[in-house]
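Labels below follow one simple rule: chain letters A, B, ... track the order of the sequence lines, proteins then strands, and each chain is numbered from 1.
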There are 2 protein chains.
Amino acid sequence: MNAQFKKGVLEMCVLVLLGERDRYGYELVQDISHRFEISEGSIYPLLRRLRDEGSVVTYLQESAEGPARKYYSLTEKGGIVRDDLVAEWQEFAAAVNGLVKGEKHAEG
Amino acid sequence: MNAQFKKGVLEMCVLVLLGERDRYGYELVQDISHRFEISEGSIYPLLRRLRDEGSVVTYLQESAEGPARKYYSLTEKGGIVRDDLVAEWQEFAAAVNGLVKGEKHAEG
DNA sequence: TCGAGGTATCTTGCATTGCAAGATAGTGAA
DNA sequence: TTCACTATCTTGCAATGCAAGATACCTCGA
């Protein structure tokens, strides 16, 4: 899988999933991996950045199956960022698909 | 427009457009700009890389409207790269759209 | 007891790529 | 001669995904 395609999109995917419900990092890795290949080395630094930017907040929760899990929860600000990214993504993806399919572009 | 979304996709777009017909760099900038924002500083280094990799070949052609144009022509190898990228893109975009729409994923 | 494997988090350094900014130069019109 | 449009190219930066490795908890089987 082309790693370049994921740039920026991974952030959007994480915010969308956290908008559904709180999740912990390892869980995000697995959930996203069901859709497309992703590595832990991408998720953890991203989650840290999202927290630093105020898009998510975290809390620890004990687990019987291993070490404590760090859950991530979407903030109001994170919801706005998510909505902006999703809108941009959909517009961009539509433009690219139009180009690939050889459609004449409307604007310009 | 989120610059990250374009990573990798720009290469695919250039190869698709060159698959339709030969184009020169400035023309590619304008054609793609009709779909989404793009800058010359992205296109020219990309075209050089594609030539170095053997995906395109170039030839000069005089112009009455300005300096000579450098036309780019897709090679057979470039066509294969294009097809691979398009297939990967479509699979990836479908996976992302499914995630954004909250659809249950089929595989896994 | 010891090791393996699954769970769970984190860091470092690298590779890739789009972009801003600037340089260069031909053409034609004001 | 000055401006705008056409046309190409380079340099250095910023952003982000990833490989690789470290740490540590838990359970199960040999």
Side-chain angles (χ1 to χ4, degrees), chain A residues 1-15 22-33 35-53 55-56 58-72 81 85 88-89 92 95-96, chain B residues 1-15 22-33 35-53 55-56 58-72 81 85 88-89 92 95-96:
Chain A
M1 170 60 67
N2 191 327
Q4 300 301 321
F5 286 165
K6 301 173 197 167
K7 305 250 171 173
V9 179
L10 191 53
E11 172 178 352
M12 180 186 70
C13 288
V14 165
L15 292 175
D22 293 0
R23 282 174 159 94
Y24 55 98
Y26 193 73
E27 189 182 12
L28 282 167
V29 172
Q30 295 191 317
D31 288 351
I32 296 176
S33 292
R35 311 279 188 161
F36 54 89
E37 286 173 34
I38 194 65
S39 90
E40 296 172 8
S42 309
I43 287 288
Y44 288 111
L46 167 60
L47 287 170
R48 182 184 185 89
R49 201 193 84 213
L50 290 175
R51 197 189 57 183
D52 291 346
E53 293 170 352
S55 289
V56 302
T58 64
Y59 57 93
L60 282 176
Q61 196 160 297
E62 294 300 318
S63 164
E65 300 159 50
R69 299 165 173 168
K70 185 183 275 187
Y71 277 83
Y72 293 81
V81 173
L85 284 174
E88 270 194 284
W89 161 257
F92 176 69
V96 171
Chain B
M1 171 59 69
N2 192 325
Q4 300 302 321
F5 286 165
K6 303 172 195 167
K7 305 252 170 172
V9 178
L10 191 53
E11 172 178 353
M12 180 185 71
C13 288
V14 165
L15 293 175
D22 293 359
R23 281 173 159 98
Y24 55 98
Y26 192 74
E27 190 183 11
L28 282 166
V29 173
Q30 295 191 318
D31 288 351
I32 296 175
S33 291
R35 312 279 189 162
F36 54 87
E37 286 173 35
I38 193 65
S39 90
E40 297 171 8
S42 308
I43 287 287
Y44 287 112
L46 167 60
L47 287 170
R48 182 184 186 91
R49 200 194 86 214
L50 290 175
R51 196 190 57 183
D52 292 346
E53 292 172 352
S55 290
V56 301
T58 65
Y59 56 94
L60 282 176
Q61 195 159 298
E62 294 300 319
S63 163
E65 300 158 50
R69 298 164 174 168
K70 185 184 274 188
Y71 277 83
Y72 293 80
V81 173
L85 283 174
E88 270 193 284
W89 161 257
F92 176 69
V96 171

Calculate the interatomic distance between A:Leu15 atom CG and D:dT16 atom P; express it in whole Å. 12 Å
Please list, chain by chain and in numerical order, all residues satisfying side chain to side chain donor-acceptor pair (under 3.5 Å) with B:Asp22, sequence neighbours excluded. B:Tyr59, B:Ser73
From C:dC10, C:dC19, D:dG17, nucleotide with atom closest to B:Ser42 side chain: C:dC19
Atom CG of B:Leu50 to atom C1' of C:dG18: distance rounded to whole Å? 14 Å
So, is B:Tyr24 close to the D:dA7 phosphate, meaning a side-chain N or O under 4.0 Å from OP1 or OP2? yes
Here's a test of your reading of the structure: between B:Leu10 and A:Glu40, which maps to the more 5' nucleotide of DNA chain C? A:Glu40
Between B:Lys70 and D:dC9, is there a side-chain N or O to OP1/OP2 distance below 4.0 Å? yes
Would you tell me if any nitrogen or oxygen in the side chain of A:Arg48 comes within less than 4.0 Å of OP1 or OP2 on C:dT9? no
Round to a whole Å and report the spacing from CZ of A:Arg69 to P of D:dT23. 24 Å
Can you tell me if B:Lys6 uses its side chain to pair, donor with acceptor, with the backbone of B:Glu37 under 3.5 Å? yes
For a quick check of understanding: with a heavy-atom distance under 4.0 Å over all strands, which category does B:Ile43 fall into, base, sugar-phosphate or nothing? nothing
Taking for each residue the nucleotide of DNA chain D with the nearest heavy atom, is it A:Ala64 or A:Lys6 whose nucleotide lies nearer the 5' end? A:Lys6
For B:Leu46, report the nucleic acid contact type (base, sugar-phosphate, nothing); a contact means any heavy atom under 4.0 Å. nothing
Between D:dT8 and B:Tyr26, is there an OP1 or OP2 to side-chain N/O distance shorter than 4.0 Å? no
Give the table of side-chain donor-acceptor pairs shorter than 3.5 Å for residues 46-53 of chain A, with sequence neighbours excluded, one pair per line with atom names and distance.
residue	atom	partner	partner atom	Å
A:Arg49	NE	A:Glu53	OE2	3.1
A:Arg49	NH2	A:Glu11	OE1	2.4
A:Arg49	NH2	A:Glu11	OE2	3.2

Find the distance between NZ (A:Lys70) and CD (A:Gln61) and round it off to the nearest 0.5 Å. 14.0 Å
Restricting to non-hydrogen atoms, name the atom on B:Tyr44 and the atom on B:Tyr26 that form the minimum distance, rounded to 0.1 Å. OH-N, 3.5 Å
Given atom CG of A:Leu60 and atom P of C:dT9, what is their separation to the nearest angstrom? 9 Å
Specify the residue among A:Ala68 and B:Gly41 whose closest nucleotide of DNA chain D lies further upstream toward the 5′ end. B:Gly41
D:dC18 P sits how many Å from A:Glu37 CD, rounded? 9 Å
Proximity to the side chain of B:Ala3 - top-ranked nucleotide from C:dG26, C:dT7, C:dC19: C:dC19
Length of the CD-C1' vector between A:Glu65 and D:dA24, whole Å: 16 Å
Nearest-nucleotide wise, let me know which of A:Ser63 and A:Gln4 is further upstream toward the 5' end of DNA chain C. A:Ser63
Rounded to the Å, how far apart are B:Phe5 CZ and C:dC19 P? 13 Å
For atom CD of B:Gln61 and atom P of D:dT8, their distance in whole Å: 11 Å
